[in-house]
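Have a look at the structure below, then the notes.
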Amino acid sequence: MSKKRFSKLTIKMQKKLVVLFMFILLAFIGLTYRLFTITRDNGERYKKVVLSQQRYDSKTLPFKRGTIYDANGSVLASSEKVYNVILDAVAITDEKGKYLEPTLNALRSELGIETSDVRTYIEQNSETSRYRVLARRMEYEEIQSFVELQNAEDSLIRGIWFEEEYKRVYPGNSLACDVIGFTTSDNVGSYGLEEYYNDVLSGTPGREYGYLNNDSNLERTTIPAEDGNSIVSTIDSNVQRIVEKYLKKFDDEYKDNAHDGNGSRNTGCIIMDVNSGEVIAMAGYPVYNLNDTRNTDALIGMPILDENDKVTGEYINEENLSSITSDPDVFYRHLNALWKNFCINDTYEPGSVSKPLTVAAGIESGSITGNESFNCEGKLEIGGHEIRCHNRYGDGYLTVSEAVERSCNVNMMYIAQKTGRETFLDFQHIFNIGLKTNIDLAGEARTASLVYTKDNMGPTDLATNSFGQGYNATMIEMMAAFCSLINGGYYYEPHMVSKIISPSGATVQNIEPRILKQTISETTSAKIREMCNLVVSGEHGTGVTARPAGYMIGGKTGTAETLPRGNKEYVVSFLGYAPIDDPQIAIYVVVDRPNVPGNVMDDAKFATRIVRSILTEVLPYEGIFMTEELTDKERAELDELQLEIMTPPVTEGNGEQEPQSTEGENENPEGTPEDGTEGEGAAENPPQDAASTPGIWTTFPIDPETGYAIDPETGDYVDPNTGAVLGGSYDDGVSPGGTPSPEPSATPEE
């Protein structure tokens with residue numbers, strides 16, 4: 001009986017289980033069909049919702065870009081945390097929209113955000129959008145009141161959160177802009193140190209992940225960002241400010257002078273430690289604000305460029321500025337011209353500052369001893385061309401030292417002839433002319449295609465090269481080569497950074513000075529210094545106006561005629577060092593086509609006076625003591641500048657020693673050299689006192705307005721001290737008695 005009942009119960013249960021199973025099976029079939037229809041009809045919409053939630057719950061954490069310091073630890077570039085205001089349209093419309101108005105009111109009153117467009121956006125995207133940027137890069141002080149209101153207990157503000165990122169800040173604004181460079185909106189360096197050391201300064205972004213755990217609770221995992229390393233530059237911001245002050249002063253004096261535009265097409269200055277290659281200051285003009293790199297005010301006064309980046313002869317002013325900025329391609333072409341670093345990116349014919357290189361090559365190779373004399377008759381014929389000296393009246397017999405002092409082109413051509421083409425070019429290579437210096441800045445030009453080789457240099461090319469025409473170089477090339485001439489012959493690789501440090505302050509790498517080679521012997525170096533000293537201290541020196549109050553310096557002036565020959569446009573320069581007995585720093589100033597009339601443009605005083613002003617302040621700052629007695633006028637000058645008088649020496653005898661005056665003396669403009677030439681001009685026994693015989697130009701009348709002598713026959717301005725003719729006279733673009741130097745075969749490559 002019991003067995004039968006148990007059997008019947010088992011059968012009933014089995015039937016119920018079958019029925020229950022069928023119901024469950026049908027339910028699963030229904031759910032499967034429903035999932036299929038949802039995926040088919042609404043899959044894309046749900047996919048967007050999920051992706052928007054993932055973006056909200058998983059975000060990138062920005063790294064802090066490393067700081068750039070100057071040599072004294074002052075900040076040149078840093079990164080500050082800023083906040084982007086993010087709207088979550090889904091969250092703000094929850095619970096029947098009770099959060100909408102309070103949130104919009106807070107956005108308007110606390111953040112100053114116009115809410116009409118925000119309201120429209122929320123209405124159109126209330127179910128889909130969880131990420132929209134309402135404002136970018138706000139300081140914490142700007143969002144603080146909103147955050148406090150949002151965090152209040154009874155706050156009805158929803159759907160607003162703040163995304164962190166970093167903004168690059170440059171405390172000096174335009175200070176060292178060409179050296180520092182800047183960053184783009186995506187935190188990538190452009191130009192200067194920012195670009196060259198981008199990998200060092202950049203860190204690694206972090207990540208914050210949001211996910212649901214087994215209990216359906218939101219969990220977060222954070223991988224922190226790794227901040228970038230910082231760099232310590234060799235730039236001394238105090239020296240940099242002095243340099244930039246006087247470049248700006250020059251521009252203020254000469255802008256809109258002979259024509260509309262800046263005081264020159266470009267003006268550059270480099271100050272370098274001659275015994276390490278460390279760049280203490282590097283500046284060009286015009287400048288721009290690193291915190292506002294696209295400010296169009298900085299473009300005013302610059303030349304207008306054509307589609308090939310060639311100068312058109314017109315200049316940007318208030319009237320035509322809109323035509324420049326209205327076309328994006330034209331606008332950025334001119335911005336790139338503004339942003340580039342003239343000291344390393346532009347090439348030019350260096351002119352007579354290269355004459356010490358020519359003499360050094362001759363002495364070091366044994367081609368000359370440095371004691372020879374050569375006869376300058378004002379011109380020399382080589383290869384069928386008459387190539388004139390800057391002094392067309394002739395200097396007579398000059399020793400090599402006197403030739404450097406007076407900047408005689410004819411003597412340089414004789415020295416180059418004795419040196420020979422192959423040896424001359426070998427030494428150009430030794431001095432790194434035509435090669436990149438590999439300075440640690442972005443944008444250094446390659447000049448390999450802008451110099452001659454043994455296969456294409458002819459006798460006239462050799463002659464023009466001897467006085468710095470016919471080939472192109474950069475400022476940093478000439479500076480590095482010249483430093484090796486005066487420091488004993490040691491060629492240091494120029495560099496801008498001395499140390500790399502970690503975010504914690506630990507030293508990652510010390511960047512030590514690198515001697516790449518020895519260009520000349522210490523004996524030859526000493527001879528070159530003696531010759532360059534005469535350029536500033538000699539009776540007929542072309543660089544007397546470069547001497548700062550209380551100091552004696554050495555150096556070399558330079559004037560180079562630009563292409564096409566005969567355009568009466570020049571690049572003038574001075575390359576010098578101080579102190580005279582133990583050089584510590586070198587300074588190079590280049591003025592590319594000063595804004596003055598063509599008949600006086602080839603006057604190196606446009607560069608030497610900048611050098612004098614800069615060194616008058618820099619040398620005391622560097623702790624270099626004075627060596628010369630001060631005149632009353634110089635004392636008054638230093639008092640006006642509020643500079644310390646660095647204990648000048650006391651001279652013996654009664655009365656005050658009167659140094660050679662630098663006021664009112666006219667700098668040798670070094671003429672308008674043409675192709676060089678070969679010839680026999682050496683004299684073992686030159687006529688006694690031939691070099692000191694007064695030239696005919698000393699009899700010319702002096703123009704009281706300009707201080708120049710005037711040739712009665714031609715009307716040309718003549719330097720009364722050296723006999724140099726300024727501006728020259730030209731016919732159909734050809735220099736007197738010659739043909740133009742060969743134009744470089746290619747433009748510089750970066």
Side-chain angles (χ1 to χ4, degrees), residues 68-71 176 178-181 191-200 231-236 239-240 268-283 341-347 350 353-354 356-357 360 364 426-448 450-451 472-500 507-522 525 528 575 577 583-588 748-750:
I68 300 177
Y69 298 97
D70 86 334
D178 290 339
V179 170
I180 300 171
Y191 297 91
L193 295 173
E194 291 278 28
E195 180 177 338
Y196 190 92
Y197 285 96
N198 185 66
D199 292 342
V200 173
I231 58 177
V232 178
S233 75
T234 60
I235 291 292
D236 187 322
V239 177
Q240 184 78 21
C269 176
I270 302 174
I271 297 180
M272 183 185 289
D273 186 328
V274 302
N275 298 310
S276 69
E278 292 185 352
V279 177
I280 302 171
M282 177 184 286
N341 186 342
F342 173 72
C343 296
I344 67 168
N345 185 259
D346 283 44
T347 68
V353 294
S354 69
L357 301 180
E364 187 69 17
D426 285 342
F427 271 90
Q428 271 198 340
H429 191 274
I430 289 171
F431 293 133
N432 231 55
I433 304 301
L435 302 173
K436 294 178 72 171
T437 66
N438 287 326
I439 188 173
D440 47 346
L441 285 176
E444 182 182 8
R446 297 179 59 188
T447 58
L450 305 180
V451 297
N472 278 34
T474 62
M475 282 188 69
I476 194 63
E477 271 183 77
M478 296 303 298
M479 171 62 99
F482 185 76
C483 284
S484 76
L485 290 187
I486 61 174
N487 69 6
Y490 303 101
Y491 188 97
Y492 286 91
E493 182 179 67
H495 65 280
M496 304 291 307
V497 171
S498 61
K499 185 185 296 185
I500 299 174
T507 298
V508 175
Q509 180 183 356
N510 282 314
I511 301 176
E512 302 293 340
R514 293 182 60 197
I515 299 177
L516 300 185
K517 53 189 168 183
Q518 185 162 7
T519 57
I520 57 176
S521 66
E522 293 191 5
S525 176
I528 296 299
L575 181 48
Y577 53 87
Q584 300 298 312
I585 63 172
I587 182 171
Y588 190 19
E749 305 172 26
E750 291 187 11

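In this chain, numbering begins with 1 at the start of the sequence shown.
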Indicate the atoms forming the closest heavy-atom contact of Gln240 with Ile280, along with that distance.
-> OE1-O, 4.5 Å

For Thr507, does its backbone N or O pair with a side-chain atom of Lys499 as donor and acceptor, under 3.5 Å?
-> no

Point-to-point distance, once rounded to the nearest 0.5 Å, from CG of Leu450 to CD1 of Ile433 = 12.0 Å

Thr474 side chain near Ile344 side chain, heavy-atom distance below 4.5 Å = no

Any luck finding a side-chain donor-acceptor pair between Asn341 and Tyr191 under 3.5 Å?
-> no

Whether Tyr491 side chain and Ala480 backbone form a donor-acceptor pair below 3.5 Å = no

If you look at every heavy atom in Tyr197 and Asp440, which pair is closest and at what distance?
-> OH-OD2, 2.5 Å

Tell me, do Met272 and Ile476 make a side-chain contact under 4.5 Å, heavy atoms counted?
-> yes

Verdict with reasoning, Tyr588 to Leu575, per side chain to side chain contact (heavy atoms under 4.5 Å, CB included) = CA-CA 4 Å; Tyr588 190 19; Leu575 181 48; 3.5 Å; yes

Could you check if a side-chain atom of Leu193 sits within less than 4.5 angstrom of a side-chain atom of Ser233, using non-hydrogen atoms only?
-> yes

Donor-acceptor contact below 3.5 Å, side chain Asn432 vs main chain Gly434 = no

Restricting to pairs with a member in residues 481-495, which pass salt bridge (charged side-chain N to carboxylate O under 4.0 Å, His left out), not counting sequence neighbours?
-> Glu493-Arg514

From the options Asn472, Thr437, Thr447, Thr347, select the one residue that forms a side-chain hydrogen bond (donor to acceptor under 3.5 Å, both in side chains) with Glu477.
-> Thr447

Quick one: do Val200 and Gln509 satisfy side chain to side chain contact (heavy atoms under 4.5 Å, CB included)? Show the steps, please.
-> CA-CA 11 Å; Val200 173; Gln509 180 183 356; over 6 Å; no

Look at the side chain of Asp273 and the backbone N and O of Glu278, then say whether any donor-acceptor pair between them is shorter than 3.5 Å.
-> no

Check whether any side-chain heavy atom of Phe482 lies under 4.5 Å from a side-chain heavy atom of Val353, and answer yes or no.
-> no

Minimum heavy-atom distance between Ile270 and Met479, given as atom pair plus value | O-CE, 3.2 Å

Using a 4.5 Å cut-off on heavy atoms from C-beta on, say whether the side chain of Ile520 contacts that of Phe431.
-> yes

Check for a donor-acceptor pair, side chain of Asp178 on one end and backbone N or O of Cys343 on the other, with a separation under 3.5 Å.
-> no

Check for a donor-acceptor pair, side chain of Ser525 on one end and backbone N or O of Leu485 on the other, with a separation under 3.5 Å.
-> yes

Interatomic distance, Arg446 atom CZ to Leu435 atom CG [nearest 0.5 angstrom] = 10.0 Å

For Met475 against Cys269, the heavy-atom pair lying closest together | CE-N, 3.9 Å

Sub-4.5 Å side-chain heavy-atom contact between Met478 and Leu357 | yes

Identify the heavy atoms of Asn438 and Glu444 that sit nearest to each other, and give their distance.
-> N-OE1, 3.1 Å

Which distance, rounded to the nearest 0.5 Å, do you find between the CG of Asn275 and the OH of Tyr490?
-> 10.5 Å

Test item: Asn487 and Tyr577 side chains (from C-beta on) under 4.5 Å apart, heavy atoms | no

With side chain to side chain contact (heavy atoms under 4.5 Å, CB included) as the test, would you mind laying out the steps for Glu194 and Ile68 before giving the verdict?
-> CA-CA 9 Å; Glu194 291 278 28; Ile68 300 177; 3.9 Å; yes

Looking only at heavy atoms, which two atoms of Thr234 and Val279 are closest? And how far apart?
-> OG1-O, 2.6 Å

For Ile511, does its backbone N or O pair with a side-chain atom of Ser498 as donor and acceptor, under 3.5 Å?
-> no

